[in-house]
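Written below as structure tokens is the structure these notes are about.
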Amino acid sequence: MEERSTPEREIIKQRMEKLERLRKDAGFNPFVIDKWDKEHKLSFVRSNFSHLGPDQMDEDALIKTAGRVMAIRKHGKASFVHLEDDTDRLQLYFRFDTLNEEYEWFKKWVDTGDYLGIVGHPFRTKRGELSLLVTEFKLLSKALRPLPEKWHGLKDTEVRYRQRYLDLIANPEVREVFRKRAKIIKTFREVLESHGTLEVETPILSPMAGGATARPFIAFHNALGINLYLRIATELYLKRLIVGMYERVYEIGKNFRNEGIDSMHNPEFTAMEVYWAYANYDDMMNLTEEIIVACADAMGSRQLPYGEHMINYEPPFRRATMVDLVKEHCGVDFLNITDEEARRIAKERGLEIKGNESRLLIMTEFFDNFVEDKLIQPTFVLGYPVEISPLAKRDPDNPDFTRRFELFICGAEVANAFSELNDPLDQRERFQDQLKKREAGDEEAHVFDEDFVTALEHGLPPTGGLGIGIDRLTMFLTNSSSIRDVILFPTMRPKE
RNA sequence: GGGCCGUUAGCUCAGGUGGCAGAGCACCGGACUUUUAAUCCGGGUGUCGCAGGUUCGAAUCCUGCACGGCUCACCA
């Protein structure tokens, strides 16, 4: 397939020749094996036989297990092997006295990277390491390529992401991150199900990608002869389901956004969106807190480090309006100035201004530039201007604002929620407004989804909706500095 | 897209000012019945990311490109 440098080719060649000899001379083909009754995980030994003292063996206990050979230390007529599975790493002791000619077979044919089925007695060595004295073994599969270095692990980020299996073999802490990710997603489901929320699936491919401000990926459907778009959000379909009288629905799945790649963005990412009829954004705030606290608990603590910070997930999270936060961090009260004054202050602070922005739009610029990255501890930011919230219900007391919040952790948006706009006439106007922006060259403005407006015209009850970015939340809960560290196979540019 | 940094053996990394391509681990051969980064003896297995240029001579200096990382911009 690809060009390989000589030493690696040499190792592979040696292993291939060894495999040939194993098949021909020893009459054994490891790739024919299709079953091994693995009765015990390696962790079973540690959790059940830790009481054994040095040099003590439980001869009545027979462990039947399996795993990958990570290291071999041969000492003539006795050998030690580190066997690893997805629960633990355990030392095996192979002795000539126990295995006789089988011991010679082991010495001759078993290499690091191979898979072994093992039967043996638990014991503790003189030096105090819990081990298995091997009484039977079977070579279950062979590795033809070498393992990454045993002491330093695999550090090259490019190889780690492109060949994640090597990362997972070499770096057990990486395996742990993705177990935690699974636990987080499971926790989401548990909390949502406990509130009677139905899990649904909506289209990934659709004629129109709406529900967020982002550029979509485009795919072509041959039979229909049309372009289909990969979804950028699940929002508009989920709200159709509330119109369809499911009162509580959620979806966990991938969204796709045709934008830049950096430590906080991957073109495909996992989001959870939930919609509850008869609920508002206050309920969504409580739900957000409940989910995130449950996730922190699943990680084992409500205080978790992220880089140099200790993040406190103990509820209640701080709640503050965008107006107040901008006032707090910038000293500007955008409620009590004119549009012209706002633009002047923005220019003074070095923001690029076209000249027709409203003071509230400028306030969001201030928020993005000067406040966001200061919100390290979990903070609900309330009160988003209508013009950047085309799907959210207006605040009846202050119609320039919506009943919307975002949750920030470690300076990044993790959740976005609002009381859903259910006035079809207002929704039509908002889409119209987005259409103008799109025609003015804003490729990320929302598309006009006529069918969605039709659904609203059939009647959407008052509804609270919430979206949580699962990758980012996982980053913060696992102290990962890049989104690529919480996505098993992150998007990479093809090599060459 | 801009700036900075990186790319040398399978892995982790050294290789001032240009002068025979290195170490540890891994791997191969040998010794060894309690080691655990085993030890001891022997073995280097390389398109120095790619393509040009300067030079008697380039891993090293210059230019371009590829891939990656950080960062800024943009963006959820």
Side-chain angles (χ1 to χ4, degrees), chain A residues 3-15 17-18 54-55 57 70-83 89-99 103 107 111-113 123-131 133 143-163 166-167 169-171 211-215 232-233 255-267 269 271 351-352 368-369 372 388 406-408 411-416 442-444 467-469 471-472 481-485 490 492-496:
Chain A
E3 279 287 317
R4 279 289 164 182
S5 50
T6 307
E8 184 174 30
R9 267 209 307 263
E10 191 58 36
I11 293 173
I12 294 167
K13 198 176 136 222
Q14 286 165 356
R15 292 277 181 108
E17 286 166 1
K18 191 168 190 175
D55 227 5
M57 184 176 320
M70 301 302 284
I72 303 178
R73 293 181 293 280
K74 294 179 183 176
H75 295 254
K77 294 227 170 349
S79 295
F80 294 93
V81 165
H82 270 151
L83 195 72
R89 162 183 284 207
L90 194 68
Q91 179 169 268
L92 308 176
Y93 187 38
F94 289 75
R95 272 167 65 103
F96 178 81
D97 290 352
T98 312
L99 294 163
Y103 177 77
K107 256 178 76 173
D111 295 303
T112 58
F123 78 109
R124 195 178 288 280
T125 63
K126 280 175 192 158
R127 299 288 182 90
E129 173 136 1
L130 194 61
S131 308
L133 175 67
L144 299 178
R145 287 172 185 263
L147 294 175
E149 211 254 1
K150 63 179 175 186
W151 187 243
H152 298 93
L154 180 68
K155 290 183 177 170
D156 186 305
T157 48
E158 196 170 343
V159 178
R160 288 185 48 223
Y161 299 146
R162 287 187 196 276
Q163 294 177 271
L166 290 179
D167 190 26
I169 291 170
N171 303 317
T213 54
R215 280 182 286 180
I232 56 175
N255 289 335
F256 307 86
R257 297 189 183 178
N258 207 337
E259 286 162 359
I261 299 177
D262 62 31
S263 61
M264 295 295 274
H265 301 84
N266 194 65
F269 63 99
L351 295 181
E352 276 184 36
D368 290 348
N369 284 287
E372 246 184 55
I388 59 163
E406 291 191 352
L407 174 68
F408 285 81
E413 181 203 334
V414 168
N416 178 21
D442 183 356
E443 287 182 66
E444 282 149 6
I468 298 181
D471 310 277
R472 284 188 184 175
S481 59
S482 170
I483 198 166
R484 295 179 209 86
D485 292 329
M492 300 287 279
R493 189 189 295 272
K495 241 180 161 177
E496 268 123 17

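Quick note on labels: first sequence line is chain A, next is B, and so on, each numbered from 1.
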Base, sugar-phosphate, or nothing for A/T112, non-hydrogen atoms under 4.0 angstrom?
sugar-phosphate

Looking at every strand, decide which applies to A/G153 at a 4.0 Å heavy-atom threshold: base, sugar-phosphate, or nothing.
sugar-phosphate

Just the rounded figure in Å: distance from P of B/A73 to CG of A/D262.
11 Å

Inter-nucleotide C1' distance (B/C41, B/A14), Å rounded
26 Å

To the nearest Å, give me how far apart CD (A/Q14) and P (B/G43) are.
17 Å

Under 3.5 Å: donor-acceptor pair, side chain of A/R15, backbone of A/A143
yes

List in chain and number order the residues that pass ring pair (Phe, Tyr, Trp, His ring centres under 6.0 Å) with A/F123, two or more places apart in sequence or in another chain; answer none if no residue qualifies.
A/Y93

Let me know the distance between CZ of A/R215 and P of B/G1, rounded to the nearest Å.
12 Å

Classify A/E17 by what it touches in the nucleic acid, base, sugar-phosphate, or nothing, heavy-atom distance under 4.0 Å.
nothing

What does nucleotides 32-40 of chain B look like as a protein-contact string, B for base, S for sugar-phosphate only, - for none, at under 4.0 angstrom between heavy atoms?
BBBBBBB--

A/N266 side-chain N/O to A/F269 backbone N/O, donor-acceptor pair under 3.5 Å
no

If we ignore hydrogens and angles and just use 3.5 Å, is the side chain of A/K107 paired with the main-chain N or O of A/G76 as donor and acceptor?
yes

